[in-house]
Asker: 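Okay, here's the structure, questions in a sec.
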Number of protein chains: 2
Amino acid sequence: MEQDIDFKTFKRVVSLSMEDMCRDLFLENPRGIKIKKEGVAVKNLVKIFNAALAISNEKGFAAMSMRDLSAEAGLSMGALYTYFSSKDELLDMITHQGRMVTARVLLDQVDGIDNPRARLKRAIEAHLFLSEIMQPWFYFSYMETKNLSKTQHRKAIETELFTEKIFVDIISSGCEQGLFREVDVDLAGAALKALLQDWYLKRWKYAKRDVTVENYSVFITNLMESYLFL
Amino acid sequence: MEQDIDFKTFKRVVSLSMEDMCRDLFLENPRGIKIKKEGVAVKNLVKIFNAALAISNEKGFAAMSMRDLSAEAGLSMGALYTYFSSKDELLDMITHQGRMVTARVLLDQVDGIDNPRARLKRAIEAHLFLSEIMQPWFYFSYMETKNLSKTQHRKAIETELFTEKIFVDIISSGCEQGLFREVDVDLAGAALKALLQDWYLKRWKYAKRDVTVENYSVFITNLMESYLFL
DNA sequence: GTCTATATCTGGATAGAC
DNA sequence: GTCTATCCAGATATAGAC
């Protein structure tokens, strides 16, 4: 379990197609979605989510009209409303599903790795690789957080702090074991989080400079280690 | 000129009141604004900008209606439209004015400091202190970039790259002088930029943890130096 | 310069045919 | 399950009184 992982392997192991995620959503949500047949529902959810993410990441969720969405997804407005009861509910659905996957995958990836240095490295890779695969989703969640309903907004903040805590805990245990020097673990964790987020927030920049996700992963790991070891 | 600067001194020296900025805008823009008397125009521009930043940073510019703005600013809708010709123009005005100030202050602050280490420290402080004073403005600009008109959007990206280049150039000169070790200067610059941006993007987090801007400045400087010196 | 009142249009949501 | 047609609340923007 402690062995290294590369992006290709990661992608294969976690297998997070849009279809898988939409199927999960459908199975979790027997009430909200009026459609009965799984095949039809999943196929259309994929179309809806892809369209919503594309338009919203271009000009913002609030600026996306239901007519825009209808055109891009290739479904009539009437059909759209059999999958959610309001535009706000669609927003909540998308972010909710993203959060579930993130938490599950991150915890799963660091599980069983005890050495803090190895654990930190893997956590960084897992976060970056995941956000690479699900970039539109991560970008969307970041930008639309403040537009969520109050309960979903609270959950979004909880998840932000939860994933940050994963990093803080790793750094703390490294300090306790005398492996890392004594640092302000909260600040270190916050900084690491910011660096990981930059990967999906400024993808255009890194793409233009031909920085791959593996390059970036190595760089961030080195940066953090040079601070923690000194 | 090379001496240290603290937040209080910085605040006094750059003196960036909302009023100063609105006066600049008024004097630069004799065409767009229909109001003739400087006193009246500046007073109302301050009210409009404060209101627009407050509402937009709460729920997004697109979700802010002109009625919201009218109520919060204490001006009728008719009066609002004597200061700009459309909601989109208001968006452009706000971001434009913020960019002008940022570029001017940053260049001004590092001017005359030759030693790369001192220059880097000062650039970090200047960016953080500036974004502390103008937090609503910085947050707004970041979140609303993708909603700008095409020309203003292009300018926003140019400014992002311009300020990043200030950091990259400092790091490069440090490497050339053999003061810093050889690193990927573009990645280092991008990372630093991300860390500086986190300060105004997650202010709620740092405020809750009682991290001051000076604390954060010292932390970021140490983090970067531990990577650059090693 | 500022306000009120209003013209005009767009967008979310739904009813009912197929 | 999906589509078309439509309702109507609420949005931007302006005209004209004061």
Side-chain angles (χ1 to χ4, degrees), chain A residues 22-23 25-26 29-49 51-52 55-56 58-94 144 147-149, chain B residues 22-23 25-26 29-49 51-52 55-56 58-94 144 147-149:
Chain A
C22 290
R23 177 162 291 111
L25 180 72
F26 174 74
N29 242 41
R31 266 164 279 264
I33 300 172
K34 299 197 185 71
I35 309 300
K36 295 288 163 247
K37 289 193 210 163
E38 180 175 317
V40 177
V42 172
K43 176 172 64 75
N44 284 337
L45 279 171
V46 169
K47 289 201 277 188
I48 293 170
F49 279 31
I55 302 171
S56 299
E58 174 86 19
K59 60 179 183 181
F61 185 79
M64 174 190 77
S65 73
M66 297 305 285
R67 286 172 177 81
D68 290 341
L69 183 62
S70 163
E72 178 85 16
L75 286 162
S76 70
M77 301 209 21
L80 289 180
Y81 277 91
T82 57
Y83 291 88
F84 46 81
S85 64
S86 73
K87 196 185 170 191
D88 279 340
E89 194 185 286
L90 171 63
L91 178 58
D92 288 350
M93 275 169 60
I94 297 176
E144 306 296 344
N147 306 325
L148 293 170
S149 66
Chain B
C22 290
R23 177 162 292 111
L25 180 71
F26 174 74
N29 241 41
R31 266 164 281 264
I33 299 174
K34 297 196 187 73
I35 308 300
K36 295 290 164 245
K37 289 193 211 161
E38 182 176 316
V40 177
V42 172
K43 176 172 66 77
N44 284 336
L45 280 172
V46 169
K47 289 201 276 187
I48 293 170
F49 279 30
I55 302 171
S56 299
E58 173 86 21
K59 60 178 184 182
F61 185 80
M64 175 190 76
S65 73
M66 297 305 283
R67 283 179 180 82
D68 290 341
L69 183 61
S70 164
E72 178 86 15
L75 285 162
S76 69
M77 300 206 26
L80 289 179
Y81 278 92
T82 57
Y83 291 88
F84 45 82
S85 65
S86 73
K87 197 184 168 190
D88 278 341
E89 194 186 284
L90 172 62
L91 178 58
D92 287 351
M93 275 169 60
I94 297 176
E144 305 296 345
N147 305 325
L148 293 170
S149 67

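Please read these numbers as outputs of a predicted model, since none were measured by experiment. Just so it is clear: chains get the letters A, B, ... in the order the sequence lines come, proteins before strands, and each one is counted from 1.
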Asker: Please report, rounded to the nearest Å, how far the P atom of dA11(D) is from the CG atom of L80(B).
Answerer: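 Taking atom P of dA11(D) as the reference, CG of L80(B) is at 14 Å.
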Asker: If I take atom CD1 from residue I35(B) and atom OG1 from residue T82(B), how far apart are they, to the nearest 0.5 angstrom?
Answerer: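 The CD1 atom of I35(B) sits 3.5 Å away from the OG1 atom of T82(B).
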Asker: Please report the distance, rounded to the nearest Å, between CE in M66(B) and C1' in dA9(D).
Answerer: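 Rounded to the whole Å, the gap is 19 Å.
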Asker: What are the two closest heavy atoms between M66(B) and F84(B), and how far apart are they?
Answerer: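 Shortest heavy-atom separation between M66(B) and F84(B) comes out as CE-CE1, 3.5 Å.
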Asker: For the side chain of M77(B), starting at C-beta, report the closest nucleotide among dA11(D), dT14(D), dG1(C).
Answerer: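 Within the option list, the nearest is dT14(D).
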Asker: Minimum heavy-atom separation for V40(B) and Y83(B), please, with both atom names.
Answerer: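 Taking every non-hydrogen atom into account, O-OH, 3.9 Å.
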Asker: If you only use heavy atoms from C-beta on, which nucleotide in dG11(C), dA13(C), dC3(C) is closest to the side chain of K87(A)?
Answerer: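 Between dG11(C), dA13(C), dC3(C), the one nearest the side chain of K87(A) would be dA13(C).
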Asker: Which of the following nucleotides, dG12(C), dG1(D), dT2(C), is nearest to the side chain of N44(B)?
Answerer: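 Selected nucleotide (nearest to the side chain): dT2(C).
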Asker: Looking only at the side chain of K37(B) (C-beta and beyond, no hydrogens), which of the listed nucleotides dG1(C), dG12(C), dA11(D) gets closest?
Answerer: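 Of the candidates, dG1(C) comes closest.
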Asker: Choosing from dG1(D), dG1(C), dA13(C), which nucleotide comes nearest the side chain of S86(A)?
Answerer: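 Closest of the options to the side chain of S86(A): dA13(C).
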Asker: Could you check whether F84(B) gets within reach of a base, just the sugar-phosphate, or nothing at all, counting any heavy atom under 4.0 Å?
Answerer: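 Here F84(B) touches no strand at all.
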Asker: Using every non-hydrogen atom in the two residues, find where K47(B) and G74(B) come nearest and quote the distance to one decimal.
Answerer: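 Taking K47(B) first and G74(B) second, the nearest heavy atoms are NZ-O, 4.4 Å.
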Asker: Let me know the distance between NZ of K59(A) and P of dT10(C), rounded to the nearest Å.
Answerer: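 Distance, rounded to whole Å: 13 Å.
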Asker: At 4.0 Å (heavy atoms only), tell me whether K34(A) reaches a base, stays on the sugar-phosphate, or touches nothing.
Answerer: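 Nothing: the residue K34(A), judged by heavy atoms under 4.0 Å, touches no strand.
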Asker: From the list dT2(D), dG12(C), dT12(D), which nucleotide is the closest neighbour of the side chain of I35(A)?
Answerer: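 Closest nucleotide to the I35(A) side chain: dT2(D).
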Asker: I need the CZ-P distance between F61(B) and dT12(D), as an integer number of Å.
Answerer: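 Computing the F61(B):CZ to dT12(D):P distance gives 9 Å.
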Asker: Nearest whole angstrom, please: distance from the P of dT10(C) to the CE of M64(A).
Answerer: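 So the CE-P distance, M64(A) to dT10(C), works out to 18 Å.
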Asker: Report the distance from atom CG of L90(B) to atom P of dA11(D), rounded to the nearest whole Å.
Answerer: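 Roughly 16 Å, once rounded to whole Å.
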Asker: For a side chain to side chain contact (heavy atoms under 4.5 Å, CB included) check, start with the C-alpha distance between N147(B) and D88(B), then their side-chain angles and the critical distance, and finish with the verdict.
Answerer: CA-CA 9 Å; N147(B) 305 325; D88(B) 278 341; over 6 Å; no
Asker: When you get a sec, tell me which of dA11(D), dG1(D), dA13(C) is the closest nucleotide to the side chain of R67(A)?
Answerer: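 Nearest nucleotide to the side chain: dA13(C).
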Asker: So, is Y81(B) close to the dT14(D) phosphate, meaning a side-chain N or O under 4.0 Å from OP1 or OP2?
Answerer: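 No, outside the criterion.
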Asker: Could you state the CG-P distance from L69(B) to dA11(D), rounded to the nearest angstrom?
Answerer: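 In whole Å, dA11(D) P lies 13 Å from L69(B) CG.
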Asker: Using a 4.0 Å heavy-atom cut-off across all strands, classify S76(B) as base, sugar-phosphate, or nothing.
Answerer: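 Base contact.
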